[in-house]
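Structure first, then comments.
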Amino acid sequence: TEAIRLNSKDTDAIKNLAAIKIQQKDFNGAITDLNKLLSLNPKDTDAIKLRGGVRFAQKDYESALADFNEVLRLKPEDADVYYYRGLTHAQLNKYQQAVEDYNKILSFEKLYGVIGINLKINSQTKLPTVTQVKDNYSAQKEGIKVGDQILIVDGKSTKNMSLKQVVDLLRGEEGTKVSVSIARSGNNKLDFNLTRIKFATTDIDTKLAKVYYQRGITKVKLQDNQGARKDLQIAAELYNREGNKNEYQQALAKIKELQ
């Protein structure tokens with residue numbers, strides 16, 4: 001507040017103040033700050049998006065929709081805004097438009113078959129090293145462990161490769177195999193033949209699960225129960241892989257309702 005008093009055009013200070021008011025559920029105050037911010041820069045998509053979110057929280061869905069439309073006019077590939085606009089369309093009983101928003105997100109997010117590990121480059125050995133092994137993927141099932149260093153992928157040495165190069169080698173079409181040779185403490189070399197699993201990338205499982213879940217719920221409103229079940233099953237699978245038990249059970253309950 002002091003920063004704003006000293007400089008009424010300090011956009012970062014105004015935005016921070018608006019964020020604080022949102023946390024405090026002072027939505028009217030946040031709207032006032034965001035309107036001030038937008039008077040200084042009408043094309044600030046972050047501020048417009050934030051205002052849309054506040055208006056959604058206030059159940060002012062028509063105004064929220066106008067804000068999300070404006071963000072997408074200025075920034076047409078913002079997947080997050082398509083998600084929030086989908087939620088808004090659903091609240092306005094515009095179910096087909098909501099489904100189209102969720103479809104748009106899925107068209108942005110290229111899905112890969114993966115083996116279920118996260119990696120970093122070891123600063124000493126310069127080799128990609130496993131930092132996380134995800135549940136229910138082939139890496140876990142076949143015995144890959146945290147700390148394993150990947151030496152070879154499909155016959156190609158990973159020495160001095162960038163992280164992206166290694167990840168690109170490990171990814172591929174769902175159902176295909178990838179051969180991986182690793183070094184593990186106490187062993188010279190271990191070889192694995194791993195199957196890539198669909199509907200996953202390194203970090204966006206939970207995000208995609210939410211999209212599939214909401215699209216499934218919306219398809220119920222459109223009486224597309226078959227499509228709804230398919231989406232909810234995918235959502236349940238993704239939630240389960242990420243260990244989101246509550247969301248997993250919620251998706252299963254919705255599937256049961258459709259049986």
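Throughout, residue positions are numbered sequentially from 1 according to the sequence presented. Keep in mind the model is a prediction, meaning the values are calculated, not measured.
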Where do R196 and V114 land on the side chain to side chain contact (heavy atoms under 4.5 Å, CB included) test, with the steps shown first?
CA-CA 5 Å; R196 299 178 175 106; V114 298; 5.9 Å; no
Give a yes or no on whether the backbone of [Y] and the side-chain of [X] come within a donor-acceptor separation of less than 3.5 Å.
| X | Y | value |
| --- | --- | --- |
| S63 | D60 | no |
| K126 | S123 | yes |
| T218 | Y95 | no |
| Q140 | N136 | yes |
| Y82 | E100 | no |
| K104 | Y83 | no |
| D224 | G227 | yes |
| T158 | M161 | no |
| T131 | T129 | no |
| R85 | D101 | no |

Distance check, rounded to the nearest 0.5 Å: [X] atom [atom1] versus [Y] atom [atom2]?
| X | Y | atom1 | atom2 | result |
| --- | --- | --- | --- | --- |
| Y239 | Q250 | OH | CD | 7.0 Å |
| R55 | I31 | CZ | CD1 | 5.0 Å |
| I182 | L127 | CD1 | CG | 11.0 Å |
| L87 | L92 | CG | CG | 11.0 Å |
| L190 | K145 | CG | NZ | 9.5 Å |
| R215 | D231 | CZ | CG | 4.0 Å |

Check the pair D154, S179 against side-chain hydrogen bond (donor to acceptor under 3.5 Å, both in side chains), reporting the backbone distance first and the verdict last.
CA-CA 5 Å; D154 278 346; S179 63; 3.1 Å; yes
Side-chain heavy atoms of [X] within contact of [Y], under 4.5 Å:
| X | Y | result |
| --- | --- | --- |
| K256 | L252 | no |
| K134 | N118 | yes |
| T125 | Q149 | yes |
| L65 | K94 | yes |

I144 and I115: CA distance, side-chain angles, deciding distance, side chain to side chain contact (heavy atoms under 4.5 Å, CB included) verdict:
CA-CA 10 Å; I144 298 286; I115 61 173; 5.9 Å; no
Pair N193, E142: side-chain N/O donor-acceptor within cut-off below 3.5 Å
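There is no such pair between these side chains.
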Enumerate donor-acceptor pairs with a distance under 3.5 Å from any side-chain N or O in residues 38-52 to protein atoms, sequence neighbours excluded.
| from | atom 1 | to | atom 2 | distance (Å) |
| --- | --- | --- | --- | --- |
| S39 | OG | K36 | O | 2.5 |
| N41 | OD1 | K43 | N | 3.2 |
| D44 | OD1 | D46 | N | 3.2 |
| D44 | OD1 | A47 | N | 3.1 |
| D44 | OD2 | K15 | NZ | 3.4 |
| K49 | NZ | D78 | OD2 | 3.1 |
| R51 | NE | D67 | OD1 | 3.3 |
| R51 | NE | D67 | OD2 | 3.0 |
| R51 | NH1 | N35 | OD1 | 2.8 |
| R51 | NH2 | D67 | OD1 | 2.7 |

Side-chain heavy atoms nearer than 4.5 Å, only ILVMFWY residues, links allowed to pass through others: does that put [X] and [Y] together?
| X | Y | result |
| --- | --- | --- |
| F68 | L106 | yes |
| V166 | F192 | yes |
| I152 | V180 | no |
| I255 | L222 | no |
| V167 | L194 | yes |

Nearest heavy-atom neighbours spanning G216 and L232:
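Closest approach of G216 to L232, heavy atoms only: CA-CG, 4.3 Å.
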F56 atom CZ: more than 12 heavy-atom contacts under 6.0 Å:
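Yes.
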When you look at NZ of K120, are more than 12 heavy atoms from neighbouring residues, nucleotides or ligands closer to it than 6.0 Å?
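Counting other residues, nucleotides and ligands, NZ of K120 stays at 12 neighbours or fewer.
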Could you walk me through whether N28 and Q58 pass the side chain to side chain contact (heavy atoms under 4.5 Å, CB included) test, one step at a time?
CA-CA 9 Å; N28 289 332; Q58 291 179 309; 3.0 Å; yes
Decide side chain to side chain contact (heavy atoms under 4.5 Å, CB included) for K210 and Y213; before the verdict, give the C-alpha distance in whole Å, the side-chain angles of both, and the deciding distance to 0.1 Å.
CA-CA 5 Å; K210 289 167 61 176; Y213 181 84; 5.6 Å; no
